[in-house]
Protein chains: 2
Amino acid sequence: MNLHSLRYFYDASFYPSLTEASHHLHISQPALTKHIKNLEEDYGVKLYEKNGRHITLTSIGNELIKECHILFQQADKIECFLNQKSTHYPLKVGLTQLNSEEFIKNILINDSFDSIKIELTTGNTKKIAQLLVNELIDVAILPESDSFAHFEKEKLFSDELIFLSHPDYCENHLSKSQLSDYQFIKREAGSFIQEILNNWKQPNVTFSNQVATHAEALLLCEYKNGLYLCSSIQAKSLIDSGKFQQVVIENSPKITRDFYLYFNKQQEIKYFKRYIKQISHEFQKTI
Amino acid sequence: MNLHSLRYFYDASFYPSLTEASHHLHISQPALTKHIKNLEEDYGVKLYEKNGRHITLTSIGNELIKECHILFQQADKIECFLNQKSTHYPLKVGLTQLNSEEFIKNILINDSFDSIKIELTTGNTKKIAQLLVNELIDVAILPESDSFAHFEKEKLFSDELIFLSHPDYCENHLSKSQLSDYQFIKREAGSFIQEILNNWKQPNVTFSNQVATHAEALLLCEYKNGLYLCSSIQAKSLIDSGKFQQVVIENSPKITRDFYLYFNKQQEIKYFKRYIKQISHEFQKTI
DNA sequence: CAATATTACGTTCTACGTAACGATT
DNA sequence: AATCGTTACGTAGAACGTAATATTG
């Protein structure tokens with residue numbers, strides 16, 4: 001039977017609509033529909049039924065999902081087994097020391113992501129670029145950068161910078177004139193975040209004492225020492241926990257960074273493609 | 001992961017060589033090799049190792065097979081489930097009343113072959129052809145026939161006619177001059193088998209009393225009443241059991257019939273192709 | 001109009017078969 | 001020489017994406 005289509009059917013079932021599922025599964029939505037239609041036509045069963053402009057699983061569809069759960073749990077176990085036995089070299093990944101470093105590390109060095117072995121190297125953009133050229137690392141993960149224009153790239157995620165505060169520190173919407181009432185947490189000189197704030201050039205912005213890491217900045221923010229400009233991805237769980245709120249500031253610069261996975265085009269190793277796909281997939285799952 | 005390649009790897013593991021496996025799996029042997037190489041390269045594992053001009057599973061390969069057993073048992077269960085829920089019509093199969101009728105029925109109506117529903121109709125060649133034209137049956141299974149030249153066809157198996165006897169009835173190799181010492185079992189007039197014997201035109205051949213069915217003929221043969229010209233496919237298990245032997249007769253006509261599955265070309269139903277494939281597969285498995 | 005699913009169609013790439021080659025007995 | 005497995009290469013078809021087309025709220 002067509003286990004390829006069945007896998008898409010199974011994976012899609014976790015999302016409320018095929019459209020949303022298709023985004024997460026990195027496939028166009030017509031292609032996803034096709035997989036499901038394939039199964040339905042091959043076996044003469046109805047897996048989904050129309051429900052307004054949505055579709056919902058039929059009882060047969062639900063039964064099938066249950067069986068698929070057993071099936072693909074075993075398939076994943078097998079993949080894990082093979083990765084454990086793999087003689088492939090670990091993938092050498094380069095990162096820059098930036099705001100999102102810990103975040104990316106957390107995704108790559110993760111219990112649920114044990115499917116490929118990874119070796120991390122950090123450095124500034126120039127160093128990482130050099131390592132990549134000399135093939136001392138296999139890939140680099142960093143925001144879009146001119147230094148990497150001549151490498152192959154695969155987009156991993158978009159990261160927007162947003163302001164965080166303790167929920168009691170200020171309103172969740174501030175006008176320009178209100179800015180003087182609050183402090184902004186100052187990151188280390190030269191850091192991307194700090195550069196953005198410096199370039200903002202708002203006359204009435206005052207800064208807290210300088211901190212060196214994201215963790216320190218968060219601590220200050222939690223104790224109502226100021227507003228903190230932070231990666232939206234890192235902010236997500238913080239906001240969800242209720243300990244922090246997003247603060248929208250009138251006319252503040254909207255900064256979005258697209259993070260890419262860069263690598264040499266001539267990378268001809270067969271399994272390289274699978275590595276790229278799995279990393280990309282892991283990021284999509286997490287974000 | 002690539003479950004398509006994994007399935008071929010698993011299915012192939014039941015055969016002593018990839019060459020033999022490829023025949024049974026209806027795939028060329030380079031293609032089968034490719035599937036296994038794919039897995040090996042994707043995951044950086046060695047599944048087979050060279051062993052003279054053969055290859056044998058490595059310990060990792062063997063472990064993988066064990067895990068695959070669980071996986072594909074579940075996959076087969078799911079396929080079975082879907083077939084049970086199927087709203088597809090049963091496949092209407094036409095057969096002629098010929099020597100191999102029971103044999104074909106046994107394959108199609110079989111506990112292990114519950115994957116598709118089947119409805120059998122029997123008749124003479126003309127009737128079956130007419131039913132097929134009028135789409136009262138979906139497919140016909142019978143030896144190559146001019147009446148069916150304008151239908152689409154898919155070869156199922158080759159059937160050769162061979163002589164059987166009780167092991168004590170005669171030698172397993174007879175010269176022309178020895179024929180007069182033995183009887184030949186006579187099937188019903190007009191039957192394919194009997195036509196062959198009639199056309200043989202050996203002056204010194206004598207016949208037993210006429211029988212009407214394969215079963216009757218076998219009984220006579222078992223009780224040493226004569227030699228029986230029989231489908232090699234039906235004969236296989238009889239010879240293996242030791243109750244019968246094959247007798248090679250000098251200059252006897254070698255009659256081979258290719259059995260085909262005939263159907264209308266305009267058969268556009270999506271699942272039809274899968275049915276054809278499964279029937280074809282079932283025949284290959286059995287023979 | 002916005003959000004969803006479906007249909008149509010052209011393109012890319014995988015899976016496959018054929019044929020030639022290599023290795024072992 | 002026969003029997004496997006492997007490599008090379010061209011081709012058919014599947015899988016996919018884009019774009020256009022329903023359908024519902």
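The structure presented is a predicted model; accordingly, all values stated were derived computationally and were not measured. Naming: A, B, ... by sequence-line order, numbering from 1 per chain.
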Peer 1: Could you state the atom-to-atom distance from NZ of A:K50 to P of C:dA5 in whole Å?
Peer 2: 10 Å
Peer 1: Determine: side-chain N/O of A:T19 to OP1/OP2 of C:dA5, distance under 4.0 Å, yes or no.
Peer 2: yes
Peer 1: Atom CG of B:L3 and atom P of C:dA15: how far apart are they, to the nearest Å?
Peer 2: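 Atom-to-atom, B:L3 to C:dA15, this comes out as 12 Å.
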Peer 1: Would you please confirm or rule out a distance under 4.0 Å between OP1 or OP2 of C:dC16 and any side-chain N or O of B:H35?
Peer 2: yes
Peer 1: Provide, to the nearest angstrom, the distance between the CD atom belonging to B:Q29 and the C1' atom belonging to D:dC4.
Peer 2: 7 Å
Peer 1: A:N2 or A:G52: which one's nearest nucleotide on DNA chain D is closer to the 5' end?
Peer 2: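 Here A:N2 is the residue nearer the 5' end.
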Peer 1: So, does A:K34 get its side chain near the phosphate of D:dA15, meaning an N or O under 4.0 Å from OP1 or OP2?
Peer 2: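 Indeed not, no polar side-chain atom of A:K34 lies that close.
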Peer 1: Nearest 0.5 Å please: distance from the OG1 atom of B:T58 over to the NZ atom of A:K85.
Peer 2: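 One gets 10.0 Å once the value is rounded to the nearest 0.5 Å.
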Peer 1: Tell me the interatomic distance from A:E40, atom CD, to C:dT7, atom C1', rounded to whole angstroms.
Peer 2: 15 Å
Peer 1: Take atom CD1 of A:I27 and atom P of D:dT18, then tell me their distance rounded to the nearest Å.
Peer 2: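 That distance rounds to 12 Å.
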Peer 1: Aromatic contact between A:H35 and A:F9, with the criterion being ring centroids under 6.0 Å apart: yes or no?
Peer 2: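 No, the ring of A:H35 stays outside the 6.0 Å limit from the ring of A:F9, centre to centre.
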Peer 1: Between A:H4 and A:Y8, what is the ring plane arrangement, given parallel below 30°, perpendicular above 60°, and tilted in between?
Peer 2: tilted
Peer 1: Which whole-number value in Å describes the distance from B:N38 CG to C:dT14 C1'?
Peer 2: 10 Å
Peer 1: Taking OP1 and OP2 of D:dT6, is either one under 4.0 Å from a side-chain nitrogen or oxygen of B:T33?
Peer 2: yes
